[in-house]
Colleague: 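Dropping the structure in here first, questions after.
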Amino acid sequence: MGFVFRPGLCRLAVVLACTAGLLGACGGGGGAGGSGAASNNNGVVPPNSVSGTVTLNGQPMAGVTVSMVNTNSNPSTFYASTTTDANGHYSFSGLGAYLPTDCTNCAENYQIWASMPGTAFIPVMASDPAWSTAAYQWNPLPSNWTLPIGAIGAAVSRAGFNGNFSNPNGGSPMTYTVINYNSTPGNSITGANFQAYDGSNAPIGLAASGQASSYASGDDGSLHKGAAWPAQRFADNQDGTITDRLTGLVWLKNAGCLAPDVWANAVAMVQQLASGACGLSDGSMAGQWRLPNVVELESLVDVSASSPALTVGHPFSKVSAGLYWTSTAYFGGQEGTTNAWVVRMGDGSYVNDSTSNLMATSKNAIWAVRGGSGAVVKLPATGAYAPFAKGDDGSLQIGTPLTYPRMRDNGDGTVTDTVTGLVWLKHASCIQQTWAGAVAAVNALASGQCGLSDGSKAGSWRMPNRKEMLSLQDRGINNHADYFDESFVSNTAGISSQPSVFTNMVGFQFYWTSSTDAADTTLAWTVFSCDYGVYPTAKAGMGYTLAVR
């Protein structure tokens with residue numbers, strides 16, 4: 001029979017095709033000295049183990065808790081935990097597994113993560129340095145990811161453990177970045193490592209937005225926060241491709257070669273692109289190109305430009321001012337989503353009107369990208385993890401993975417994003433003004449205001465620019481405002497609770513950025529608190545703002 005994990009449960013669990021039914025979850029507890037052990041319910045203890053090392057800036061970390069859940073239950077069942085030793089090493093041994101006589105094509109599946117107060121982690125499988133799920137099998141909805149039996153032992157992925165927490169608001173799961181492991185007979189793994197981040201060693205940096213003109217003291221155009229762009233950002237490779245020297249991504253030069261189509265066809269069409277088509281003479285083969293995810297397409301946007309929102313003098317051809325598909329589903333962690341994110345390249349606005357971005361019926365422009373980022377800046381993964389088509393964002397999860405737990409509460413009215421290193425004001429509804437008023441209010445923000453006790457002085461804070469505000473996105477969750485404002489309370493011993501990221505993130509509100517819309521300077525870019533799309537809003541209107549430093 002088949003077993004499928006539905007929305008709200010663990011979505012990255014193995015889909016079982018068992019002739020003998022489901023085995024119960026494994027029991028057991030943590031072990032001292034950096035190891036844990038348990039047996040499966042039929043009394044057989046195959047010699048399977050998982051081991052790895054946890055490091056911070058290349059140095060071993062002792063005392064880190066490493067936890068494991070068994071996903072072959074509903075909800076996922078806590079299995080064991082252990083702590084790293086003086087060398088940063090941990091191990092789990094005696095892991096349960098299906099034997100060939102028990103079941104055909106079955107696997108006991110576990111998910112593993114690290115935790116320590118004040119610290120975030122990213123799994124780094126020694127055998128999967130690209131941090132992608134490309135080796136996974138993908139099953140049509142409503143099924144999910146499976147790990148191929150006998151083909152791969154483990155891979156890094158995201159997971160949602162909704163069933164293990166009480167009062168999750170709006171249906172968004174508590175998301176983790178985990179090692180997803182198949183325990184099949186004789187399938188032990190080593191090198192299941194974790195890198196630690198404390199905010200001082202952020203895995204990514206942000207690029208500047210491109211804003212050249214200033215419209216208020218302390219706005220994006222006056223501060224120019226973010227990594228500076230290369231003097232000549234784009235390199236024409238004279239083979240039908242353009243290299244972005246800022247991100248390192250390689251783009252199809254002809255942005256209008258592929259005919260507009262519905263989303264699934266767009267995802268598939270780009271994967272068939274190869275040298276000889278669309279002016280390409282780069283030797284590329286089918287399967288090397290992909291539809292960009294929303295972070296990758298956003299990386300092209302120059303907020304100082306319009307029609308299109310690309311750097312003046314760019315070398316691309318046939319760029320439409322209309323809508324371009326991304327490979328990112330509107331709710332990238334929830335099966336059944338019918339929309340995908342699109343970006344209007346005329347001004348850089350995201351569009352979600354339930355008409356222009358319907359996967360099944362909307363026909364939008366298609367651009368192709370390949371390679372990874374990391375020239376001047378590294379791009380993060382979007383956080384999306386539910387697959388909707390082979391080769392989409394949820395399938396590939398391109399980019400630097402998001403840390404878990406991502407935000408560190410500093411206990412002084414601030415939180416640190418361990419992905420970017422930015423420090424944010426925790427009180428998300430303290431400042432509500434017109435755009436100019438909000439810029440001024442943030443410039444004057446200091447300790448003693450808005451719940452701050454951090455010793456900060458006026459001039460320490462700024463309104464986030466477009467790139468900074470968007471850096472908080474996590475496309476694996478459904479409603480950002482609800483998620484950011486939610487305290488996830490664990491119902492399971494060994495699985496930590498998580499405090500709210502912000503205090504009173506207001507739903508259905510546009511939060512200001514300090515970046516002005518180049519197409520109409522009476523507008524500023526805002527982020528809608530719920531879907532976290534970026535939209536132009538009249539500066540004269542009232543809006544909330546976060547503060548960052």
Side-chain angles (χ1 to χ4, degrees), residues 10 12 25-38 49-71 75-95 109-126 154 156-161 163-166 173-181 183 189-201 203 401-411 416 418-419 487-499:
C10 184
L12 291 173
C26 292
S35 66
S49 63
V50 175
S51 64
T53 303
V54 182
T55 58
L56 173 64
N57 293 324
Q59 299 301 309
M61 288 189 73
V64 176
T65 298
V66 182
S67 302
M68 173 184 286
V69 296
N70 184 320
T71 70
S76 303
T77 302
F78 182 64
Y79 175 75
S81 68
T82 186
T83 55
T84 55
D85 61 20
N87 297 313
H89 185 263
Y90 79 92
S91 66
F92 293 102
S93 60
L95 301 186
N109 179 253
Y110 304 95
Q111 291 172 347
I112 307 161
W113 70 94
S115 59
M116 173 178 275
T119 310
F121 298 88
I122 293 177
V124 185
M125 283 297 301
V156 173
S157 63
R158 298 204 85 197
F161 295 132
N164 296 96
F165 294 87
S166 61
M174 178 64 254
T175 52
Y176 290 61
T177 303
V178 303
I179 292 173
N180 206 18
Y181 167 62
S183 183
I189 59 170
T190 59
N193 303 324
F194 293 87
Q195 291 179 358
Y197 297 89
D198 60 8
S200 66
N201 61 336
L402 303 181
T403 57
Y404 171 78
R406 178 170 176 175
M407 308 298 282
R408 188 186 72 197
D409 193 320
N410 300 314
T416 298
T418 60
V419 171
S487 295
F488 290 87
V489 180
S490 175
N491 297 324
T492 307
I495 297 180
S496 300
S497 298
Q498 177 175 296

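If you read the sequence from its start, that first residue is 1, and numbering goes on from there. Side chains are part of it too, since the values below use all heavy atoms of this structure and drop only hydrogens, waters and symmetry mates.
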Colleague: Report yes if some heavy atom in the side chain of Tyr197 is under 4.5 Å from a heavy atom in the side chain of Val419; otherwise report no.
Modeller: no
Colleague: To the nearest 0.5 angstrom, please state how far the CE atom of Met61 sits from the OG1 atom of Thr53.
Modeller: 13.0 Å
Colleague: Taking all atoms of both residues into account, what is the closest heavy-atom pair of Ala192 and Val50, and its distance?
Modeller: CB-CG1, 3.8 Å
Colleague: Give the minimum heavy-atom separation between Thr418 and Ala120, together with the two atoms involved.
Modeller: OG1-CB, 3.3 Å
Colleague: List in chain and number order the residues that pass salt bridge (charged side-chain N to carboxylate O under 4.0 Å, His left out) with Arg408, two or more places apart in sequence or in another chain; answer none if no residue qualifies.
Modeller: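 Expected list: none.
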Colleague: What closest approach, in Å, do Ala196 and Leu56 show between heavy atoms, and which atom pair accounts for it?
Modeller: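 Scanning both residues completely, I find the closest heavy atoms to be O-CD1, 3.2 Å.
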Colleague: Which residues pass the side-chain hydrogen bond (donor to acceptor under 3.5 Å, both in side chains) test with Ser67, sequence neighbours left out?
Modeller: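 Counting only residues at least two positions away or on another chain, Ser67 forms no side-chain hydrogen bond (donor to acceptor under 3.5 Å, both in side chains).
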Colleague: Would you compute the distance between atom CH2 of Trp113 and atom OG of Ser496 and round it to the nearest 0.5 angstrom?
Modeller: 8.5 Å
Colleague: Just verifying a value: how many Å separate Gln111 CD and Ile179 CD1, rounded to the nearest 0.5 Å?
Modeller: 11.0 Å
Colleague: Look up atom CD1 in Ile122 and atom CG in Leu402, then write down how far apart they are to the nearest 0.5 Å.
Modeller: 7.5 Å
Colleague: With heavy-atom distances below 4.5 Å as the criterion, would you say the side chains of Phe92 and Val66 are in contact?
Modeller: yes
Colleague: Considering residues at least two apart in sequence or located in another chain, which fulfil the side chain to side chain contact (heavy atoms under 4.5 Å, CB included) criterion with Ser490?
Modeller: Phe165, Thr492, Ile495, Ser497
Colleague: Starting at CD1 of Ile189, measure out to OG of Ser51 and round the result to the nearest 0.5 Å.
Modeller: 7.5 Å
Colleague: Quick one: list whatever passes ring pair (Phe, Tyr, Trp, His ring centres under 6.0 Å) with Phe121, sequence neighbours left out.
Modeller: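 Not a single residue meets the ring pair (Phe, Tyr, Trp, His ring centres under 6.0 Å) criterion with Phe121.
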Colleague: For Met116 and Ala62, which heavy atoms make the closest approach, and how far apart are they?
Modeller: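 So the two residues come closest at CE-O, 3.5 Å.
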Colleague: For the atom pair NE2 (His89) and OG1 (Thr82), what is the distance rounded to the nearest 0.5 Å?
Modeller: 10.0 Å
Colleague: Quiz question: by atom type and distance under 3.5 Å, do the side chains of Asn193 and Thr55 form a donor-acceptor pair?
Modeller: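 No, because no side-chain N or O of Asn193 sits under 3.5 Å from a partner of the opposite role on Thr55.
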Colleague: Do Tyr90 and Ile112 come close enough that some side-chain heavy atom pair is under 4.5 Å?
Modeller: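 Sidechains of Ile112 and Tyr90: in contact.
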Colleague: Side chains of Tyr181 and Leu95, heavy atoms from C-beta outward: is any pair under 4.5 Å?
Modeller: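 They are in side-chain contact.
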Colleague: Under the side-chain hydrogen bond (donor to acceptor under 3.5 Å, both in side chains) rule, collect the residues that match up with Asn87, sequence neighbours excluded.
Modeller: none
Colleague: Kindly write out the residues that satisfy side chain to side chain contact (heavy atoms under 4.5 Å, CB included) with Asn57, not counting sequence neighbours, or none if the list is empty.
Modeller: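 Asn201.
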Colleague: Any donor and acceptor pair, going by atom type alone, linking the side chain of Thr177 with main-chain N or O of Tyr404 inside 3.5 Å?
Modeller: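 Answer holds: no.
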Colleague: Answer yes or no: is there a side-chain heavy-atom contact under 4.5 Å between Ser157 and Val178?
Modeller: yes
